[in-house]
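Report on the structure given below.
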Amino acid sequence: MYDTLIKHEQLAIEFVEELARLTEEDWRRPIAEGKWSIAEIIGHFDFWDTFLLTERLPHFFKQQHFQPAPTPETINVHTATFARNEPQQSIINRFTHNRQQIVDKMKALSKEQWEERLHIGDISVTVFEYFVSQMTHDMQHFEQIEQAMKVN
């Protein structure tokens with residue numbers, strides 16, 4: 001059960017590393033009319049992964065009540081701008097570095113810690129459920145990227 005989430009993170013790293021083979025044009029082309037580019041999609045993970053590593057994980061077992069994360073709309077504007085100006089390999093390296101740190105921290109969790117309940121704003125979730133929601137978010141974006149790569 002927990003291994004599935006860890007395996008997802010490892011596969012996410014491999015998936016993003018494979019994107020290094022994309023041309024600059026394919027990397028920066030919007031995946032569809034009015035949508036982000038692959039660069040912007042992967043770049044937006046940078047904020048959320050850093051947020052997880054700095055604002056959530058270190059506090060999971062010290063406190064159970066957390067403020068909600070910043071609104072996606074606010075963060076997405078910032079991260080899209082970041083990704084438009086950052087070199088392709090730099091974005092990929094940041095993603096893989098952060099995700100490997102997340103994998104390492106996930107592997108260190110005990111069964112009891114996976115089941116510990118967190119309260120984020122008005123929502124109550126276990127650590128396991130928290131990571132399931134992260135995986136679901138990843139999968140939506142990776143599916144978008146795969147579809148865009150089939151078209152181009």
Side-chain angles (χ1 to χ4, degrees), residues 1-60 66-109 114 118-152:
M1 177 160 94
Y2 313 121
D3 291 341
T4 301
L5 293 173
I6 293 168
K7 183 69 174 168
H8 161 76
E9 296 296 347
Q10 293 167 327
L11 290 172
I13 291 169
E14 292 174 22
F15 178 81
V16 172
E17 286 176 334
E18 284 293 314
L19 298 176
R21 67 181 171 79
L22 294 176
T23 65
E24 185 72 16
E25 180 183 351
D26 289 340
W27 175 252
R28 305 239 178 240
R29 178 185 306 116
I31 61 169
E33 183 71 32
K35 298 286 186 180
W36 279 350
S37 66
I38 294 172
E40 291 165 317
I41 293 170
I42 301 305
H44 107 278
F45 286 119
D46 184 62
F47 172 85
W48 295 111
D49 289 353
T50 300
F51 181 81
L52 174 61
L53 287 165
T54 61
E55 302 299 321
R56 292 290 194 245
L57 278 169
H59 309 290
F60 269 4
F66 296 89
Q67 293 298 316
T71 64
E73 296 78 20
T74 303
I75 298 312
N76 290 344
V77 169
H78 167 75
T79 59
T81 302
F82 155 77
R84 283 185 210 114
N85 297 306
E86 193 72 16
Q88 178 179 2
Q89 195 58 52
S90 175
I91 294 170
I92 292 169
N93 290 347
R94 288 171 67 113
F95 178 90
T96 58
H97 174 76
N98 285 340
R99 286 300 171 102
Q100 187 57 55
Q101 287 185 66
I102 292 169
V103 166
D104 294 343
K105 295 197 182 298
M106 291 171 79
K107 285 181 175 180
L109 296 175
W114 280 102
L118 308 169
H119 303 279
I120 303 171
D122 295 333
I123 299 169
S124 177
V125 295
T126 64
V127 170
F128 176 77
E129 292 165 337
Y130 182 88
F131 280 109
V132 167
S133 70
Q134 300 295 311
M135 181 179 73
T136 301
H137 174 247
D138 286 355
M139 300 291 284
Q140 292 169 339
H141 285 301
F142 294 159
E143 178 64 27
Q144 290 173 325
I145 291 169
E146 287 175 339
Q147 291 303 316
M149 289 171 50
K150 287 178 187 175
V151 171
N152 297 320

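Computed from a predicted structure; not experimentally measured.
Between the Thr81 side chain and the Val77 main chain, a donor and an acceptor come within less than 3.5 Å of each other. Asp26 places no side-chain N or O within donor-acceptor distance of the main-chain N or O of Leu22, the cut-off being under 3.5 Å. Remark: the backbone N or O of His97 is not paired with any side-chain donor or acceptor of Gln100 at under 3.5 angstrom. The backbone N or O of Leu52 lies less than 3.5 Å from no partner atom in the side chain of Gln134, so there is not a single donor-acceptor pair.
At a threshold of 4.5 Å between non-hydrogen side-chain atoms, the residues Met106 and Tyr2 do not count as touching. For the pair Lys150/Gln147, a side-chain contact is recorded, criterion being any heavy-atom separation below 4.5 Å from C-beta on. Within the 4.5 Å cutoff, the side chain of Phe95 has no heavy atoms near those of the Asp46 side chain. Annotation: side chain of Ile102 is in contact with side chain of Arg99 (closest heavy-atom distance under 4.5 Å). Here the side chains of Ile75 and His44 are not in contact, with every heavy-atom distance at 4.5 Å or above. Between Ile120 and Arg56, some side-chain heavy-atom pair lies under the 4.5 Å cut-off.
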Q) Do Tyr130 and Phe60 pass the ring pair (Phe, Tyr, Trp, His ring centres under 6.0 Å) test, and can you show the C-alpha distance, the side-chain angles, and the key distance before you say yes or no? A) CA-CA 11 Å; Tyr130 182 88; Phe60 269 4; 5.4 Å; yes

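In this pair, Phe142 and Phe45 present their aromatic rings tilted. The plane angle is within the 30 to 60° band. The aromatic rings of Trp48 and Phe51 sit perpendicular to each other, their planes meeting at more than 60°, with 30° as the lower class boundary.
Glu73 meets the salt bridge (Lys or Arg N to Asp or Glu O under 4.0 Å) test with no other residue; sequence neighbours excluded. Not counting sequence neighbours, His8 has no partner by the ring pair (Phe, Tyr, Trp, His ring centres under 6.0 Å) test.
Residues Thr54 and His59 share a closest heavy-atom pair of O-NE2, 3.6 Å. Annotation for Gln88 and Leu19: closest pair NE2-O, 3.0 Å, computed over non-hydrogen atoms. Contact between Gln89 and Ala20 at its shortest, heavy atoms only, is OE1-CB, 3.6 Å. Of all non-hydrogen atoms in Ala83 and Ala39, the two that sit nearest each other are CB-O, 3.3 Å. In plain terms, the two heavy atoms of Glu129 and Ser124 that are nearest each other are OE1-O, 4.4 Å.
Ile123 CD1: 12 or fewer foreign heavy atoms inside a 6.0 Å radius.
Under a 4.0 Å N-O distance rule, the pair Lys107/Asp3 does not qualify as a salt bridge. By the 4.0 Å N-to-carboxylate-O rule, Arg28 lies close enough to Glu24 to be salt-bridged with it.
A donor-acceptor pair shorter than 3.5 Å cannot be found between the side chains of Thr136 and Ser133. With hydrogens and angles left out, the side-chain atoms of Gln144 and Gln140 include no donor and acceptor closer than 3.5 Å.
Centroid-to-centroid, the aromatic rings of Phe47 and Phe82 stay 6.0 Å apart or farther.
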